[in-house]
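Both ligands and their constituent atoms are indexed starting at 1 by order of listing. Keep in mind that what you see is a predicted model, and the values were worked out from it rather than measured.
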Amino acid sequence: HVHFRAPGQEYKEDWNTGSAAAVAGGVTTVLDMPNNNPPIVSVKALEKKRKLVAGTSRVNFGFFIGATSDNAEEIKKAKGFAGIKIYMGASTGDLLVDKRDTLEKFFKEFPETVIAVHAEDNVCINQAAGQYKRLHDPEIHSKIRSAECAYEAVRAALHLAKKYGNRLHVCHVSSGVEVEEIRKFKIANATEHDVRVSCEVTPHHLFLTTDLYGVMGNFVKVNPPLREKSDVAALWKALEDRTIDIIATDHAPHTREEKGEDYWKAPSGVPGVQTSLPLMCDAVNRGEMNLTEVVKYMCVRPAEIFSMKRKGKIEKGYDADFTVVDMDLMKEVRDEDQLTKVGWTPYKGKKLKGWPVMTFVGGVLVYDGTVKDEFAGREVRF
Ligand code: NCD
Ligand code: ZN
Ligand code: ZN
């Protein structure tokens, strides 16, 4: 789950810098989101983006298409995309489906397509925003976009997924109340078949909390927002019992200048594609998780959920996409080492043990401590 910003916002990121950050972070395939400028909401926009990205990426890539109030029929004509992204709450960009009947139409008409939701209830957010409108401290972000707003949207999405049997994927769950609702759903609907509902958690929701506003201000303004320690504990527990299926970065770069604006103007999102695997390797070294689980959450399950053929495992007949990690290598995360165009990271100063040292994409060595001049990334078609 990445936002590589092309077309339209290449001043924040492009495929050269975004995919360099990915391979340096041991990532071999990314699924790119449709909140571009213009947004990817038509066959024409999708085909244009395909042409733009082809041959320019160091990692494999797939594309989401975005839902709007009136493009369900158009999406039926689109081919080979990873899934439909629905913003139930407004986030960065203009994409939004806040009408209940439009939302239901997508669930009804696309029972076999992955529907990936940004689940924060827009009415709930707007109500809270009104109450805080005189304040400017970035920490209000977590109060305005409360766990209750996320919970409301998750409940609505699960209700529809139950009604129409969808392949629903809930993006970036961030709170205890959300994962409890998903847990109940999975238990109630467990059959001999796979449950078709899945969800992801981001490293920033696993490792950062609201305390950080005091240090980083708008630099950690992100949707959904950072939560309290109790929520973080609930997310780790939900990984353990497999309520959460995958770890996904939601790499969403914005420039330092943009992040330096007033709270109400600064855009939401943090970069993360270069740091996700080192953070998880470090967690393994601290005994928080084992390496097999990291592989499951970051390789096996993502490939299963999105039906990526020949990916997610190192096996005969599979693509040679893999990374070599040195579990004893200790390094400090530094802004200077970030290959994202925005050149900063919310994990700055953290000392992590366990780093990718070689990355292969389709059998080609693309990173060995330095990023190679190889653009071996291919489009994954769905
Ligand atoms: C994302 C972005 O900047 O594109 N921002 C964010 O805070 N996560 C959009 C999104 O995924 O919601
Ligand atoms: Zn989102
Ligand atoms: Zn996102």
Identity and distance of the protein heavy atom lying nearest atom 11 (O) of ligand 1: His3 NE2, 3.0 Å
Please state which protein non-hydrogen atom is closest to atom 12 (O) of ligand 1 and give its distance, to 0.1 Å? Ser91 OG, 2.6 Å
Salt-bridge present (Arg50, Glu379; N to O < 4.0 Å): yes
Using distance alone, decide if ligand 1 has a nitrogen or oxygen within less than 3.5 Å of any nitrogen or oxygen in Ala252. no
Other residues, nucleotides and ligands only: do more than 12 of their heavy atoms fall within 6.0 Å of CZ on Arg242? no
If I consider every N, O or S atom in His118, which one ends up closest to the Zn ion (ligand 2)? I only need its name. ND1
Have a look at ligand 1 and work out which part of Glu13, if any, has a heavy atom under 4.0 Å from it: side chain, backbone, both or neither. neither
Atom CD of Glu257: over 12 foreign heavy atoms under 6.0 Å: no
Hydrogens and angles aside, do His1 and Glu200 bring a side-chain donor and acceptor to less than 3.5 Å of each other? yes
Distance from atom 7 (O) of ligand 1 to nearest protein heavy atom, with residue and atom: Asn223 N, 2.8 Å
Interfacing atoms of ligand 1 (cut-off 4.0 Å, heavy-atom, His254): 3 (O)
Angle subtended at the Zn ion (ligand 3) by OD1 of Asp250 and NE2 of His3, nearest 10°: 90°
Using a strict 4.0 Å threshold on nitrogen-to-oxygen distance, state whether Lys105 and Asp101 make a salt bridge. no
Is a salt bridge present between Lys44 and Glu74, judged by a nitrogen-to-oxygen distance below 4.0 Å? no
List every atom of ligand 1 that sits less than 4.0 Å from any heavy atom of Tyr87, numbering the atoms from 1 in the order shown and giving each element. 9 (C), 10 (C), 11 (O), 12 (O)
Using a strict 4.0 Å cut-off to heavy atoms of His118, name the atoms of ligand 1 that fall inside it. 10 (C), 12 (O)
Going by the order shown, which atoms of ligand 1 are within less than 4.0 Å of some heavy atom of Asp250? 8 (N), 11 (O)
Need the ligand 1 atom indices (1-based, order shown) with element for anything under 4.0 Å from a heavy-atom of Val222. 7 (O)
Counting only N and O atoms by type, is there a donor-acceptor contact under 3.5 Å from the side chain of Trp355 to the main-chain atoms of Leu352? yes
To the nearest 0.1 Å, how far is atom 5 (N) of ligand 1 from its closest protein heavy atom, and which atom is that? Ser268 O, 3.1 Å
Considering all heavy atoms, the nearest Asn223-Thr92 contact: ND2-N, 4.3 Å
Just go through Lys221, His172, His204, Arg5 and tell me whose heavy atom is the nearest to atom 3 (O) of ligand 1. Arg5
Under a 4.0 Å N-O cut-off, is there an ion pair linking Glu374 with Lys372? no
Any N/O/S atom from Cys171 (main chain or side chain) under 2.8 Å of the Zn ion (ligand 2)? no
Determine if the SG-SG distance between Cys124 and Cys149 falls under 2.5 Å. yes
